[in-house]
Undergrad: 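Can you read through this structure? Questions will come right after.
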Amino acid sequence: MRHSFHVRVGPVSFRIGSAWPEPIRQLRALYRDYPQDVGVPDFTVRLAPSRPWRRWVRPSVMIEGDYVIPDAAPLPVAHGLLAAEMGMNLQMAMGQRRFLLLHAAAVARDDRAIVMTGESGAGKSTLAALLQARGWRLMADEFVLLEPSSGLIHPFPRPVSLKNGAIDVAAAAFPDAHWGPLMRDTPKGAIRHLVPMPDGLAAGEQPARPVLLLFPRFGLAAEQRPVGAGEAFVRLTQASTNYVILGERGFAALTGLVRGVTRAAIDYPDVETAATMIEALW
Amino acid sequence: MSATRYRAPPAADVVLADLDELVAVFHRASGITHLVAPPVPDLLAAMAARWLTLDDLEREFELVDGDRDGLAAMLDEMAIAGLIERA
């Protein structure tokens with residue numbers, strides 16, 4: 001492709017090619033503090049025009065790569081960074097075999113990690129991002145990588161995709177943070193990517209042992225309940241994109257995870273409350 | 001007509017993991033995960049690589065005045081799920 005960019009996030013390397021320079025320029029700026037890996041990439045994403053003339057006329061981006069969604073709607077080139085991020089997620093979701101992938105966020109202190117999972121919109125990205133201001137390093141947003149052989153969580157500290165109101169909240173909490181461009185009117189509203197704090201990036205290759213599995217829900221009065229291992233297991237199989245593909249390795253990894261951690265569902269009205277509840281569970 | 005017989009896979013062909021009150025069963029032949037409650041794990045162990053009838057199972061578990069219809073229904077469900085064979 002005409003323009004390209006290589007980057008390593010935790011143990012995974014990506015190559016992103018683009019027909020336009022702008023998405024690559026934005027990626028270089030967003031990922032400026034990540035290793036710019038130029039070896040053979042684990043995954044390739046291509047941002048290509050939806051029709052040849054769409055490179056110039058109302059440019060619109062199709063996400064291509066090792067894996068594609070055939071009927072995905074193209075995005076305007078102004079959202080090219082979002083397309084690249086979606087493409088990276090797609091390659092991971094479809095192609096990752098080394099780790100059990102959980103749709104979740106994770107934070108850690110030293111070598112002990114908390115995995116937070118839940119439905120989209122439950123607030124786990126925002127909570128994970130804001131916990132960075134309270135002594136936690138961000139290990140992952142979107143995808144948590146569980147290594148079947150060791151039971152450890154490996155960091156995958158991609159920029160956190162924050163939406164709408166969460167953008168201003170995080171901007172106030174981290175005035176010196178490094179951000180991607182604000183993208184308005186995406187299919188999910190306004191989106192802006194927050195690069196994890198330096199401690200999260202510096203520990204980008206340090207795995208941690210999961211000790212707490214949390215099912216947080218934002219916007220409700222503070223409440224906490226234990227979650228049975230069976231329920232946690234079912235919810236995590238649903239939150240994994242490659243559980244079935246990994247077969248027995250996935251089964252052993254997931255049953256080992258839910259049996260080895262404290263499990264709790266928490267409802268919280270604000271991050272302060274959530275942080276207090278987490279400290280008590282921790 | 002002979003009685004219906006049931007057989008579970010050999011113990012080495014399933015992996016069991018206790019999850020509090022439930023048990024996760026990984027069936028190696030199909031790659032399918034089942035989440036089951038007692039007494040299914042006990043039934044799987046009793047029937048592992050052995051053809052047994054309802055009478056055999058009642059004797060094995062000493063089910064006196066047991067819920068024979070309930071047991072038959074459970075075995076049928078396990079057969080439909082692919083956890084055991086029925087012949």
Side-chain angles (χ1 to χ4, degrees), chain A residues 94-104 115 117 146-152 209-215 224-265 281, chain B residues 6-51 57 60-61 63 66-67 69-86:
Chain A
M94 306 290 283
Q96 180 57 251
R97 298 287 185 276
R98 180 178 159 198
F99 300 100
L100 182 71
L101 285 193
L102 301 172
H103 181 59
V115 176
T117 186
L146 174 63
E147 185 176 55
S149 57
S150 66
L152 298 178
R209 181 157 300 284
V211 296
L212 177 60
L213 175 61
L214 214 53
F215 298 87
Q224 181 182 318
R225 71 171 175 89
V227 176
E231 180 188 342
F233 178 77
V234 171
R235 289 176 71 168
L236 287 179
T237 57
Q238 291 164 348
S240 173
T241 57
N242 65 353
Y243 172 76
V244 172
I245 289 168
L246 289 194
E248 193 172 339
R249 282 200 306 148
F251 177 84
L254 204 52
T255 52
L257 173 70
V258 299
R259 291 198 290 187
V261 295
T262 303
R263 302 169 302 268
L281 283 163
Chain B
Y6 304 89
R7 183 173 71 172
D13 287 2
V14 288
V15 186
L16 274 65
D18 289 330
L19 299 174
D20 293 345
E21 67 282 12
L22 300 172
V23 176
V25 180
F26 185 79
H27 187 235
R28 284 186 165 138
S30 63
I32 292 175
T33 301
H34 305 264
L35 205 58
V36 301
V40 172
D42 298 325
L43 287 170
L44 286 175
M47 292 189 291
R50 291 165 70 200
W51 284 108
L57 281 165
E60 190 107 0
F61 286 92
L63 296 171
D67 176 7
D69 290 344
L71 180 61
M74 185 181 298
L75 291 167
D76 287 343
E77 274 183 43
M78 289 167 69
I80 289 167
L83 264 176
I84 59 173
E85 296 169 83
R86 182 175 51 189

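Protein chains get the first letters and strands the later ones, always in sequence-line order, with residue 1 at the start of each. Basis for what follows: all heavy atoms, side chains included, without hydrogens, waters or symmetry-related copies.
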Undergrad: Would you mind checking which part of B:Leu19 comes under 4.5 Å of any heavy atom in chain A, side chain (CB onward), backbone (N, CA, C, O), both or neither?
TA: both

Undergrad: Hey, are the side chains of A:Leu213 and A:Val227 touching, using non-hydrogen atoms and a 4.5 Å cut-off?
TA: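 Not touching, per the 4.5 Å side-chain cut-off.
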
Undergrad: Just wondering, do B:Tyr6 and B:Asp76 contact through their side chains at under 4.5 Å, heavy atoms?
TA: yes

Undergrad: Please state whether the side chain, the backbone, both or neither of A:Val234 comes within less than 4.5 Å of a heavy atom of chain B.
TA: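 The side chain, not the backbone.
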
Undergrad: Is A:Leu246 close to A:Leu254 at the side-chain level, that is, under 4.5 Å between some pair of heavy atoms?
TA: no

Undergrad: Just so I know, are the side chains of B:Val15 and A:Thr255 near enough to count as touching, which here means a heavy-atom distance under 4.5 Å?
TA: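 Not in contact.
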
Undergrad: Given side chains that start at C-beta, do those of A:Leu100 and A:Leu257 come closer than 4.5 Å, heavy atoms only?
TA: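 The answer is no, as the side chains (C-beta and beyond) never meet within the 4.5 Å cut-off.
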
Undergrad: Taking 4.5 Å as the heavy-atom cut-off, does anything in residues 33-44 of chain B contact chain A, and if so which residues?
TA: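 Interface residues of residues 33-44 of chain B: B:Thr33, B:Leu35.
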
Undergrad: Does a side-chain heavy-atom distance below 4.5 Å link B:Asp18 with B:Asp20?
TA: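 They are not in contact (no side-chain heavy atoms under 4.5 Å apart), so the answer is no.
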
Undergrad: Can you list every side chain to side chain donor-acceptor pair (under 3.5 Å) pair that touches residues 22-32 of chain B, not counting sequence neighbours?
TA: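 For residues 22-32 of chain B, and leaving out neighbouring residues, the side chain to side chain donor-acceptor pair (under 3.5 Å) pairs sorted by first residue read A:Glu248-B:Arg28, B:His27-B:Ser30.
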
